[in-house]
Trainee: 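Handing you a structure now.
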Amino acid sequence: MTPIQVFNNNIVLIAFMGAGKTTISDYLNTLFAMDVIEMDQIIAEREGMSISDIFAEHGEQYFRDAETNLLIEMQSRKNTVISCGGGVPLREVNVVEMRKNGKVVLLTATPETILERVKDDHNRPLIENNKTVEFIADLMEKRREKYEAAADIIIVTDGKSKLEICEELVQRLLEEDK
Ligand code: S3P
């Protein structure tokens, strides 16, 4: 079956760690046969090591540069969901790149929801030793302004199923496409 292209633009998903970018990307792939670019996964594959090891061996700056380079590289793609690592919207140049060929969708979740989703994962160096609601809430608040400024659409995910989130996302994107 030939996939139907539903949206004119790529979908660029941004969110705090653990807010559901991967789940929603996978579901958009299932629903609309969109390609998915999971930025963290590609960077880890190319470097041949986990995100935690990249941070430990090369430092955060190196990882952030890899993110920017990958985003620039992705701009030629069509019908693609680009699932960004949580730090991507913090650099102004990244936001400029995202907007060139995509609609930027911010998924939000409360710190409590985030903690529940990340507590058993050990590949997020920025929160590995700080898995508390207070730390997450504080980091989220520091980032909130930049996340919101980057977004074309904001979707609250707490208490919603992936189907409900995708329905809302599709509806909002189609309105934007009009
Ligand atoms: C980061 C988020 C992570 C990963 C890295 C840094 C961040 O991605 O890129 O650990 O600064 O928020 P996810 O948001 O996919 O967990």
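We count ligands from 1, going down the list as the structure has it; atoms in each ligand are counted the same way. These numbers come from the heavy atoms of this one structure, side chains and all, not from hydrogens, waters or symmetry mates. Here the structure is a predicted model, which means the values were calculated and not measured.
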Trainee: Verify the distance criterion only: is there a donor paired with an acceptor across the side chains of Ser52 and Glu128 at less than 3.5 Å?
Mentor: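 Per modelled atom types, Ser52 and Glu128 side chains form no pair under 3.5 Å.
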Trainee: Which bit of Lys21 is near ligand 1, meaning a heavy atom under 4.0 Å away: side chain, backbone, both or neither?
Mentor: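 Only the side chain of Lys21 comes within reach of ligand 1.
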Trainee: With heavy-atom distances below 4.5 Å as the criterion, would you say the side chains of Lys103 and Asn10 are in contact?
Mentor: no
Trainee: Starting from atom 10 (O) of ligand 1, find the nearest protein heavy-atom neighbour and note its residue, name and distance.
Mentor: Pro125 CD, 3.6 Å
Trainee: A side-chain contact here means heavy atoms from C-beta on lying under 4.5 Å apart; do Leu71 and Val88 qualify?
Mentor: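 Side-chain contact under 4.5 Å: yes.
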Trainee: Considering only protein heavy atoms, which is closest to atom 3 (C) of ligand 1, and at what distance to one decimal place?
Mentor: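 Protein heavy atom with the smallest distance to atom 3 (C) of ligand 1: Asp40 OD2, 3.5 Å.
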Trainee: Are there over 12 heavy-atom neighbours, none belonging to Glu145, within less than 6.0 Å of that residue's CD?
Mentor: no
Trainee: For ligand 1, which atoms sit closer than 4.0 Å to a heavy atom of Ile51?
Mentor: 5 (C), 10 (O)
Trainee: Looking only at distance, does Ala15 have an N or O less than 3.5 Å from an N or O of ligand 1?
Mentor: no
Trainee: Checking contacts here: is it the side chain or the backbone of Arg143 that comes within 4.0 Å of ligand 1, counting heavy atoms only? Could be both or neither.
Mentor: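 Answer for Arg143: side chain.
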Trainee: Under 4.0 Å between a Lys/Arg side-chain N and an Asp/Glu carboxylate O for Glu73 and Arg46?
Mentor: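 Salt bridge flag = yes for Arg46 with Glu73.
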Trainee: For ligand 1, does Val88 get within less than 4.0 Å through its side chain, its backbone, both, or neither, judged by non-hydrogen atoms?
Mentor: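 Contact part for Val88 vs ligand 1: neither.
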Trainee: Say whether Met74 and Val104 are linked into one hydrophobic cluster, either directly or through other cluster members, by side-chain heavy-atom distances under 4.5 angstrom.
Mentor: yes
Trainee: Can you confirm, on distance only, whether ligand 1 has an N/O atom lying under 3.5 Å from any N/O atom belonging to Gly87?
Mentor: yes
Trainee: Indicate whether any N or O donor in one side chain lies under 3.5 Å from an N or O acceptor in the other, for Gln41 and Glu45.
Mentor: yes
Trainee: Could you list which atoms of ligand 1 come closer than 4.0 Å to a heavy atom of Leu126?
Mentor: 7 (C), 11 (O)
Trainee: Can you tell me if Lys131 uses its side chain to pair, donor with acceptor, with the backbone of Ile127 under 3.5 Å?
Mentor: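 It does not hold such a pair.
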Trainee: Tell me whether ligand 1 is touched by Arg117 - counting only heavy atoms on the residue side and a distance under 4.0 Å.
Mentor: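 No, that is not the case, since the closest heavy atom of the residue is not under 4.0 Å from the ligand.
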Trainee: For atom 11 (O) of ligand 1, which candidate among Glu60, Met17, Arg64, Arg124 holds the nearest heavy atom?
Mentor: Arg64
